[in-house]
Amino acid sequence: MTTGKPLHELSIAEAGAALRNGSLRATQLADHALARIAAINPAINAFVTVTEDRARADAAAADADFARGIDRGPLQGIPYGLKDIYDTEGIRTACHSKLRVDHVPSADSAVAEKFRTQGAVLLGKLTTNEFALGNPDPDAPFPPALNPWNTAHSPGGSSSGSGAAVAAGLTRIAMGSDTGASIRGPASYCGIVGLKPTFGLVSRRGVFPLSPSLDHCGPLTRSVEDAAIVMEAISGHDPNDPASANVSIPKFRSLMASGVKGLRIGVPRHFFEGAKGLSPEALDGIDSSLQKLRDAGASVEAITLPDYELFTACGRVIMYTEAFAIHENDFRQRPREFGFSTYMRMIMGAFTTGPDMVQALRLRRELTEAMNAAFSTCDAIVTATALGPAPRMNTPGDWAMPSDSPMQCIQFNVTGHPALALPTRLSGSGLPLALQIAAKHFDEPTLLRIGAVLEEDNEILSRWPQLAHT
Amino acid sequence: MIAEKRIPSDDQLREEFEALARRAGIEVLDDRREAMFASFCDYRRMTALLHGARTAGVESANIFSIESVKRRQ
């Protein structure tokens, strides 16, 4: 112990300070995390593979480096997990699919490489929905992750294990991917922080694609500060990712403490007010947070964007079409190897016509320009993510049609703007509710500034779900 | 205002569904045919939304306008 907190409650910065002043060793942190995983993971299935030997070796190497005065940065000695679509050299990366259940990559993904070379401690691979799409399938090769706040409920997807693991205190850092909501959805349902960066800021090399022009890699963390630290470690140009942007990387952590005084916040209320499935508690959470931002000196005004339905149509058509193009041979040759809900969604890409796709790409340009225009009058946009608390886990054969999704996240995948999901309050049923903040391309610091204000006295981020083993 | 492409009748939709499946080279599995067709109808409503009037300036694009991102040449 260092500050009197259990080790899993130490922030990255707190743990890092203790590691550097000698009051904590990385092997202690790793042992603590592995013990929690052994005790809690069977109840929530957050980890699909636990890399115990690798974790102990990474931790020992970090301690040895500290002893020699070698400091590889803020992640040295800090445990983390990777969604099981991130390639890891010598460690199975199955994408939760029968089609890749024996796949062992020969090289690390770019993000895994960054964590490894900066001395972080790999705890294991985290559960996902198959190929980062769809719902948990009863015929999947591994069990689905469950929500630590109530294991009868969904943790969201597709970074389901990432959300569950951070919420349950199994790791401070879990990497996810977001093609339509897959970081922000689990963050919302699990009551943690999820950051979908600007398209091109974090390399996707070695991460199995769902829809390459919509895929984003980003962290799920316990706090905004943790997210800022991870972003500094994983951002940067990668010539081996065709979409990687060659931009300078800001000091996210130091910029996040600037407050929100003078910031202009736009709110597209027409997106979520009156939307099917909006819970009054979710709306209250958003409005209470907006009041908090006003009280801190920001101005808040309603803005109008194109209809949300257009973002959904544009994003879903591009997503399913790109995904089908990746898997079309398997759809022809071994269709029953896909889980049912993956199959039923992804195969819709087979029905896209050429003109449909061209019009989707034209609409994408139009929607992106509209979003850019909105950002000419405001510094950030605050809107809903999940329209209510986590639903109950799906029953076999139950798979939501895309148009019925209770999640409003895909607009920022279509336009590539960065977005941060953050919890607002607990519902009456004891489940987290959330909102998201979006900003101009490559303006993650503004997201983190706003997130840092909303994080203060946050009723969810200061609590832990009461699992049987905690 | 969302301009929608006309949605065909159920019979026409079913013909379109079968033709597009053949065109894509996929076999429609018998035990999934009705669920797939229901999903196709939902998807068809979605694709109809894409066909609204656009100006000539709105060319097909991947993600960004040129000024919004800097990439290595």
Side-chain angles (χ1 to χ4, degrees), chain A residues 198-200 213-214 237 239 242-247 306-307 309-310 312-314 316-317 320 324 328-329 331-332 335-336 340 343-345 347-353 355-366 368-369 372 397 399 401-404 413-417 440-442, chain B residues 1-8 12-73:
Chain A
T198 306
F199 189 79
S213 78
L214 295 164
H237 180 247
S244 183
N246 190 9
V247 295
D307 289 338
E309 201 176 14
L310 288 173
T312 299
C314 180
R316 289 283 169 181
V317 168
Y320 295 149
F324 181 79
E328 62 179 329
N329 285 337
F331 271 103
R332 292 183 189 120
R336 290 194 186 275
F340 181 76
Y343 177 93
M344 295 302 286
R345 290 186 181 196
I347 205 166
M348 287 301 110
F351 298 101
T352 309
T353 67
D356 288 340
M357 190 61 175
V358 169
Q359 296 295 7
L361 294 174
R362 294 182 76 203
L363 178 57
R364 186 176 203 172
R365 160 98 56 188
E366 190 171 277
T368 304
E369 295 297 345
N372 282 337
W399 48 281
M401 300 291 274
S403 56
D404 289 338
N413 299 83
V414 169
T415 68
H417 291 89
K440 297 170 188 167
H441 292 127
F442 302 107
Chain B
M1 176 67 77
I2 299 172
E4 293 192 19
K5 197 166 121 179
R6 187 182 65 82
I7 301 291
Q12 289 171 319
L13 275 173
R14 198 167 283 277
E15 283 176 19
E16 189 176 320
F17 169 72
E18 299 289 351
L20 287 172
R22 278 196 302 276
R23 174 71 178 78
I26 54 169
E27 177 190 359
V28 178
L29 304 173
D30 283 344
D31 59 333
R32 297 184 181 179
R33 182 177 300 276
E34 289 313 306
M36 275 178 70
F37 179 65
S39 190
F40 168 75
C41 292
D42 188 63
Y43 190 66
R44 188 65 174 70
R45 281 187 287 276
M46 209 176 275
T47 58
L49 293 176
L50 304 173
H51 293 267
R54 310 253 110 75
T55 66
V58 186
E59 295 181 4
S60 307
N62 194 355
I63 303 278
F64 299 112
S65 59
I66 289 168
E67 67 270 24
S68 67
V69 66
K70 294 172 274 186
R71 292 180 192 279
R72 175 163 287 183
Q73 297 301 308

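Computed from heavy atoms alone, side chains included, the values below leave out hydrogens, waters and symmetry copies. Within every chain, numbering begins at 1; the chains are lettered A, B, ... in the order of the sequence lines, protein sequences first and strands thereafter.
Contacts from residues 12-23 of chain B to chain A, taken as heavy-atom pairs separated by less than 4.5 Å, involve B:F17, B:L20, B:A21 in sequence order.
Atom CG in A:N372 sits 10.0 Å away from atom NZ in A:K440 (nearest 0.5 Å).
For A:F324, the ring-ring contact (aromatic ring centres under 6.0 Å, His included) partners two or more places apart in sequence, or in a different chain, are A:F331. Residues satisfying the side-chain hydrogen bond (donor to acceptor under 3.5 Å, both in side chains) criterion with B:R32, sequence neighbours excluded, are absent altogether. For B:D30, the side-chain hydrogen bond (donor to acceptor under 3.5 Å, both in side chains) partners are B:R33, not counting sequence neighbours.
For the pair A:T368 (side chain) and A:R364 (backbone), a donor-acceptor distance under 3.5 Å is present. Judged by distance alone, the side chain of A:H441 and the main-chain N or O of A:T415 form a donor-acceptor pair under 3.5 Å.
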